[in-house]
Q: 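Let me give you the structure first, and then I'll get to my questions.
Basis for what follows: all heavy atoms, side chains included, without hydrogens, waters or symmetry-related copies.
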Amino acid sequence: QAAAARFHGHGKRLPRPMWNRGLEMSFSGLKTALREEVKKRCGNAEPDPQITAELAHSVQDAIVDVLAHTACLPLETTGYSTLTIGGGVAANGPLRARLKALAHERDFRLYVPPLHWCTDNAAMIGAAVGKMNTTMSIFEKSRSSSAASMPCCASFGLKSDTYCCG
């Protein structure tokens, strides 16, 4: 996001992979297109900061398009009118802005946690496992054979520090 913010203008339009595939997503086609664009422009040399910023902007734009499109599909197919995003991806400013604009445009409620709650899911899982390892006895650990059996509770409430639009 930081590199993308250094570019102003219209960058290279990269593909939006699996656009018409429902809820399926993969960015492998995007990664391939990016690799080929870097190779075309730079050969084997490192891209200069201007190219890096432009391509970071282009990749971010493609990813935001795909994520926003895919996130809104269930609203269209189910009739629900509320979307909640979370995890590390929810910290991306352009994604937050795009979803907020779509919420106003399409008349749905959007819940977005404050940035300090938008942490990487792997980090949250690691923290939970770490806590489990320090709070569970050896007997409890031996009986807990999967993450599904791990004691947990929901702690994300829709409180005042979560913003909602729509």
Side-chain angles (χ1 to χ4, degrees), residues 1-44 46-128 147-148 154-158 161-166:
Q1 184 175 335
R6 290 192 295 269
F7 180 77
H8 303 287
H10 298 288
K12 168 77 176 172
R13 179 155 173 89
L14 295 172
R16 275 59 176 161
M18 300 181 72
W19 187 263
N20 294 314
R21 299 282 297 269
L23 298 176
E24 294 180 37
M25 277 195 310
S26 170
F27 292 111
S28 60
L30 176 60
K31 293 184 289 186
T32 301
L34 175 63
R35 183 187 68 225
E36 294 303 313
E37 186 65 24
V38 170
K39 190 175 174 181
K40 181 175 96 178
R41 291 186 188 197
C42 306
N44 291 327
E46 285 290 315
D48 67 39
Q50 184 177 351
I51 290 173
T52 299
E54 178 192 347
L55 293 179
H57 173 82
S58 297
V59 167
Q60 178 176 256
D61 193 48
I63 291 172
V64 166
D65 278 353
V66 170
L67 290 177
H69 171 75
T70 306
C72 291
L73 284 176
L75 298 175
E76 296 167 12
T77 59
T78 64
Y80 288 116
S81 60
T82 302
L83 176 65
T84 302
I85 63 169
V89 72
N92 182 271
L95 178 62
R96 293 165 81 97
R98 178 81 51 84
L99 288 172
K100 188 174 181 180
L102 287 171
H104 288 294
E105 178 185 310
R106 298 182 185 177
D107 195 31
F108 64 84
R109 293 176 63 104
L110 174 66
Y111 288 98
V112 181
L115 286 175
H116 66 273
W117 288 113
C118 296
T119 58
D120 180 61
N121 292 336
M124 291 187 287
I125 291 167
S155 61
F156 176 70
L158 302 177
D161 62 350
T162 300
Y163 77 75
C164 172
C165 60

Q: Give every residue pair that meets the ring-ring contact (aromatic ring centres under 6.0 Å, His included) criterion with at least one member in residues 72-93, sequence neighbours excluded.
A: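 Listed by first then second residue: nothing to list.
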Q: Would a distance-only check, ignoring hydrogens and angles, find a side-chain to backbone donor-acceptor pair under 3.5 Å from Ser58 to Leu14?
A: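 Not at all, since once roles are kept as given, no pair shorter than 3.5 Å links the two residues.
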Q: Between CG of Leu110 and OG1 of Thr84, what distance do you get to the nearest 0.5 Å?
A: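 The CG atom of Leu110 sits 7.5 Å away from the OG1 atom of Thr84.
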Q: Which residues pass the side chain to side chain contact (heavy atoms under 4.5 Å, CB included) test with Pro94, not counting sequence neighbours?
A: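 Partners of Pro94 by the side chain to side chain contact (heavy atoms under 4.5 Å, CB included) criterion, ordered by chain and then number, come out as Gln1, Gln60, Val64, Asn92.
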Q: How long is the straight-line distance from CG of Leu102 back to CG of Leu83, given to the nearest 0.5 Å?
A: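 Taking CG in Leu83 and CG in Leu102, the distance rounds to 9.5 Å.
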Q: Taking only residues two or more places apart in sequence, or in another chain, which ones meet Ala5 in a side chain to side chain contact (heavy atoms under 4.5 Å, CB included)?
A: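 For Ala5, no residue satisfies side chain to side chain contact (heavy atoms under 4.5 Å, CB included) once neighbours in sequence are set aside.
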Q: How close do Pro113 and Ile85 get, counting heavy atoms only, and between which atoms?
A: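 Minimum heavy-atom separation between Pro113 and Ile85: CD-O, 3.0 Å.
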Q: Mind checking what makes salt bridge (Lys or Arg N to Asp or Glu O under 4.0 Å) contact with Lys40, not counting sequence neighbours?
A: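 Expected list: Glu37.
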Q: Quick one: OG1 on Thr77 to CG on Leu23, what's the gap to the nearest 0.5 Å?
A: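 Taking OG1 in Thr77 and CG in Leu23, the distance rounds to 6.5 Å.
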Q: For Arg35, give me all partners under side chain to side chain donor-acceptor pair (under 3.5 Å), at least two apart in sequence or on another chain.
A: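 Checked Arg35 against side chain to side chain donor-acceptor pair (under 3.5 Å); zero matches.
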Q: Quick test of your reading: applying salt bridge (charged side-chain N to carboxylate O under 4.0 Å, His left out), list the pairs with at least one residue in residues 50-62, sequence neighbours left out, ordered by first then second residue.
A: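 As it turns out, the salt bridge (charged side-chain N to carboxylate O under 4.0 Å, His left out) pairs with a partner in residues 50-62, which skip direct neighbours, are Arg16-Asp61, Arg41-Glu54, Asp61-Arg98.
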Q: When you look at CD of Glu46, are more than 12 heavy atoms from neighbouring residues, nucleotides or ligands closer to it than 6.0 Å?
A: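 Result for CD/Glu46: open.
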Q: Which residues satisfy the ring-ring contact (aromatic ring centres under 6.0 Å, His included) test with Phe7, sequence neighbours excluded?
A: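 Listed in chain order: His57.
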Q: Could you tell me whether the side chain of Arg6 and the main chain of Gln50 form a donor-acceptor pair under 3.5 Å?
A: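 Pair absent, no side-chain N/O of Arg6 close to backbone of Gln50.
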Q: Report the distance from atom CE of Met25 to atom CD1 of Ile63, rounding to the nearest 0.5 Å.
A: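 It comes to 10.0 Å.
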Q: Mind jotting down which residue pairs meet the salt bridge (charged side-chain N to carboxylate O under 4.0 Å, His left out) criterion with at least one end in residues 77-95? Sequence neighbours excluded, please.
A: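 Non-adjacent pairs meeting salt bridge (charged side-chain N to carboxylate O under 4.0 Å, His left out): zero.
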Q: Go through the structure and list residues passing side chain to side chain donor-acceptor pair (under 3.5 Å) with Arg106, not counting sequence neighbours.
A: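 Testing Arg106 for side chain to side chain donor-acceptor pair (under 3.5 Å), a comparison that skips the adjacent residues, returns Glu76.
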Q: Looking at residues at least two apart in the chain, or sitting in another chain, which of them share a side chain to side chain contact (heavy atoms under 4.5 Å, CB included) with Pro47?
A: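 Pro47 satisfies side chain to side chain contact (heavy atoms under 4.5 Å, CB included) with Val38, Cys42, Ile51, Thr52 once adjacent residues are dropped.
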Q: Restricting to side chain to side chain donor-acceptor pair (under 3.5 Å), what partner residues turn up for Ser26, sequence neighbours left out?
A: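 Ser28.
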Q: Looking at Pro17 and Pro15, what are the two nearest heavy atoms and their distance?
A: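 Looking at all heavy atoms of both residues, the shortest contact is CD-O, 3.2 Å.
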Q: With sequence neighbours excluded, what pairs up with Asp48 under the side chain to side chain donor-acceptor pair (under 3.5 Å) test?
A: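 Asp48: no side chain to side chain donor-acceptor pair (under 3.5 Å) contacts found.
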Q: Quick one: pull up CZ in Phe27 and CG in Leu67 and give me the separation to the nearest 0.5 Å.
A: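 With rounding to 0.5 Å, CZ (Phe27) is 4.5 Å from CG (Leu67).
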Q: Please find the pair of heavy atoms, one from Asp65 and one from Trp19, that lie closest to each other, and give the distance.
A: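 Nearest pair, atom of Asp65 first, then Trp19: O-CZ3, 3.5 Å.
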